[in-house]
Protein chains: 2
Amino acid sequence: MRWGVEKRLEFIEFRLFWEGGINRADIVDQFSVSVPQASKDLTLYEEKAPGNLIYDKSAKLYKAADDFKPVFMQPSASTYLAHLREANGGTAGATDVWLASAPEHDALPIPHRRVDAEVLRDVLKAVRDGRSIEVFYQSMSAKRPAPEWRPVTPHALGNDGLRWHVRAFCHVDHKFKDFILSRCIKTQKHGLPGASASDDMLWHDRFAVALAPNPALSESQQSIIAQDYEMKNGRAEVMVRKAMLYYFQKRLRLDIADKLDNPHEIPVVVSNRAAFDAALAEAMA
Amino acid sequence: MRWGVEKRLEFIEFRLFWEGGINRADIVDQFSVSVPQASKDLTLYEEKAPGNLIYDKSAKLYKAADDFKPVFMQPSASTYLAHLREANGGTAGATDVWLASAPEHDALPIPHRRVDAEVLRDVLKAVRDGRSIEVFYQSMSAKRPAPEWRPVTPHALGNDGLRWHVRAFCHVDHKFKDFILSRCIKTQKHGLPGASASDDMLWHDRFAVALAPNPALSESQQSIIAQDYEMKNGRAEVMVRKAMLYYFQKRLRLDIADKLDNPHEIPVVVSNRAAFDAALAEAMA
DNA sequence: CGGATGAGTATAGTTTATATATCCATCATC
DNA sequence: GATGATGGATATATAAACTATACTCATCCG
């Protein structure tokens, strides 16, 4: 079966499962095929997945049968939610949006400056080639009030939950640091690398963060949390790169959970706090 | 031009722009076409986008020309980064991954329980049909230590940055609330709605959060932040649903920025704090 | 009871793709 | 400097996919 046909069958199945129905017009709109072709696709789908399709003459819609069994995709909530985000304008163009009757939805607005495509492309090239690149970077440190050209040797990208950064060896400070992508204004001149990716120990080393239910919660609540995080003996371990530990703490509000937040808002706390703090201190040095 | 052909040309362009090169094998692998067809596609691409393609005989690779001008896609960093996330196993299956030589990368691990696809499907059905549904929900409140069946009338989905929830009218508490999707264990029985979507004022009303650079930052840093957020007169406005205000505050650490964090980690603060707190109090009532 | 809508199907013709084969250039290796 | 491996271009014949057009049928709405 050709790739395009397979995609259309997958689309039919997606719509059946998530939106409860599909008709020819949907296929025509999504793939720009002719109306008879859409008919054929539906017939073909019925052949390949017998019994999944029921035509509701009154609603003029093909509906999923009660014993619907997907064969062209694995239904996954996160896939659907990714489409939803896409429909919301989240990433614009990574996927074709397959939703017709999307529910009303909203994601938290995260204000920030765009990442420049040309900049990202040049940085990626430097990573691929194992070379250095000069970045016109707007630092937040007090020492560097204006953007400056900095030679760096990038080797990886990281996402802290709010934004993407490049992990790179800084030729000025002679160590590996994170550079927020949206603060990279422009790039120039590739050159010789200042360090090898394998030298970035904080990136490669991971620390096992032990999470436990917040002890400020009631007994029963703690057991719920333990289920939620699939804990064993009241503990869950999450491996986090040392270079990411700081963000991990901030994002999950692990640093202030016990002090400021209402306990039921902070489900988990770090149970190996001493080791965690030591690892964090090492990463921040 | 047929949909499949168009997609392949788009793919060629994507690879040219983001990965610097492409060859026939890439097309064959991605779309399961024959080798001659891949040749034809490249010829066709050269026809449609003259001058973009340069064959490097030594590298055995088609490369992007220096004056490469995309015609089948708009290069966008967020699109690339979305593919990267996908490659990382983030959303599994929403998009075809188009990356071959992805850089090393990592996102912050967010531990949580999966959302059940069947549950989400049933909830979506209730939203579409404007009906209620019973959810076996594991609350975190001390009053409800065990999961309980609750009739709710859902009307929208929300994402707080860490997880998705359903916005729904709770038939037990007689008000609109957020139900974390991963805490919905199972569903049953659709029924009559308890309220209309339009009654959910906190969802529909938005509050204009005024953001200003953190005053603890130096003059020059503040002006950088102002650029970053595209502020006018040192202020940026972000419209946030009242039902989302609480998450907004937590996620951006606006509540503790001035107290606990190093100022250079918290770029912005709320400048209409009194109104913000009032709106928040209203939303939490 | 029309009329509109959406589905199914048949025909003929076009486009797209396959399989197979042949040829060519580059490069690494001996 | 011959050899083989790799990747690309092209030709031919055939098959599959798809379009355009046309006609039929069923259901629902006013």
Side-chain angles (χ1 to χ4, degrees), chain A residues 1-16 19-65 68 72 96 100-101 128-129, chain B residues 1-16 19-65 68 72 96 100-101 128-129:
Chain A
M1 195 181 324
R2 296 245 257 261
W3 180 82
V5 183
E6 183 114 20
K7 278 283 153 192
R8 295 204 300 273
L9 296 186
E10 194 186 327
F11 172 74
I12 290 171
E13 193 153 81
F14 182 90
R15 279 285 177 88
L16 282 175
E19 311 215 324
I22 189 171
N23 59 20
R24 298 191 299 181
D26 293 326
I27 304 175
V28 169
D29 291 347
Q30 192 74 33
F31 297 96
S32 308
V33 293
S34 63
V35 170
Q37 186 57 41
S39 268
K40 282 181 205 164
D41 287 341
L42 287 164
T43 313
L44 180 61
Y45 182 80
E46 167 63 24
E47 248 174 56
K48 298 279 179 183
N52 273 0
L53 222 46
I54 292 172
Y55 187 60
D56 181 333
K57 290 179 179 175
S58 167
K60 296 192 168 181
L61 203 70
Y62 282 93
K63 291 191 170 172
F68 176 86
F72 290 97
D96 294 317
S101 63
R128 266 199 311 278
D129 299 346
Chain B
M1 195 181 324
R2 298 246 255 263
W3 180 81
V5 182
E6 183 114 20
K7 277 283 153 193
R8 294 203 301 273
L9 296 186
E10 192 187 329
F11 172 73
I12 290 171
E13 193 153 79
F14 182 89
R15 278 288 176 88
L16 282 175
E19 311 215 324
I22 188 170
N23 58 21
R24 299 191 299 182
D26 294 325
I27 304 174
V28 170
D29 291 347
Q30 193 73 35
F31 297 97
S32 307
V33 294
S34 63
V35 171
Q37 187 56 41
S39 268
K40 281 182 206 164
D41 287 340
L42 287 164
T43 313
L44 180 61
Y45 181 79
E46 167 62 23
E47 248 173 58
K48 298 279 178 185
N52 271 1
L53 221 47
I54 291 172
Y55 186 60
D56 181 333
K57 290 179 177 175
S58 166
K60 295 191 169 182
L61 203 70
Y62 282 92
K63 292 190 169 172
F68 176 88
F72 291 97
D96 294 317
S101 63
R128 265 199 312 278
D129 299 346

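Order of the sequence lines sets the chain letters (A, B, ...), proteins ahead of strands, with each chain counted from 1. Hydrogens, waters and symmetry mates play no part in the numbers below; they use all other heavy atoms, side chains included.
When all heavy atoms are compared, the tightest approach of B/Arg8 to B/Ile27 is CD-CG2, 4.1 Å.
For the pair B/Arg2 and D/dA16, the criterion of a side-chain N or O lying under 4.0 Å from OP1 or OP2 is not met. Side-chain N/O atoms of B/Arg24 include none lying less than 4.0 angstrom from OP1 or OP2 on D/dG7. In terms of phosphate contacts, B/Ser39 brings a side-chain nitrogen or oxygen within less than 4.0 Å of OP1 or OP2 of D/dA9.
Rounded to whole angstrom, the span from the CG atom of B/Leu61 across to the C1' atom of C/dT26 amounts to 14 Å. With rounding to whole Å, A/Tyr45 atom OH is found 17 Å from C/dA7 atom P. What separates CH2 of B/Trp3 from P of D/dT19 is a distance of 13 Å, to the nearest Å. Atoms CG (A/Asp41) and P (C/dT9) sit 13 Å apart, rounded to a whole Å. Protein atom CG of A/Leu44 is 16 Å distant from nucleotide atom C1' of C/dT9, rounded to whole Å. With rounding to whole Å, B/Asn23 atom CG is found 17 Å from C/dT26 atom P. Atoms CD1 (B/Ile27) and P (C/dT18) sit 12 Å apart, rounded to a whole Å. In this structure, A/Glu46 places its CD atom 12 Å from P of C/dT9, rounding to the nearest Å.
Relative orientation of the A/Phe11 and A/Phe31 rings is perpendicular, given thresholds of 30° and 60° on the angle between their planes.
Side chains of A/Glu10 and A/Lys7 form a contact here, defined as non-hydrogen atoms less than 4.5 Å apart. Contact of the B/Glu46 side chain with the B/Thr43 side chain is not registered, since no non-hydrogen atoms from C-beta on lie closer than 4.5 Å.
Projected onto DNA chain D by closest heavy-atom contact, A/Ser32 and B/Lys40 fall at different nucleotides, the more 5' of which corresponds to B/Lys40. Nearer to the 5' terminus of DNA chain C, by closest-nucleotide assignment, is the contact made by A/Lys60 (compared with the other of A/Lys60 and A/Leu42).
Among the heavy atoms of the strands lying under 4.0 Å from A/Tyr62 are primed sugar atoms or P, OP1, OP2 only; no base atom is included. Within 4.0 Å (heavy atoms only), B/Lys57 reaches sugar-phosphate atoms of the nucleic acid but no base atom. When heavy atoms are screened at a 4.0 angstrom cut-off, A/Val35 is found touching no nucleic acid atom at all.
When the nucleotides C/dA7, D/dT6, D/dC18 are ranked by their closest atom to the side chain of A/Arg8, D/dC18 comes out on top. Across C/dA7, D/dG8, C/dA17, the shortest atom-to-atom separation from the side chain of A/Tyr55 is found for C/dA7.
A donor-acceptor pair under 3.5 Å links the side-chain atoms of A/Asp26 to the main chain of A/Asn23, judged by distance alone.
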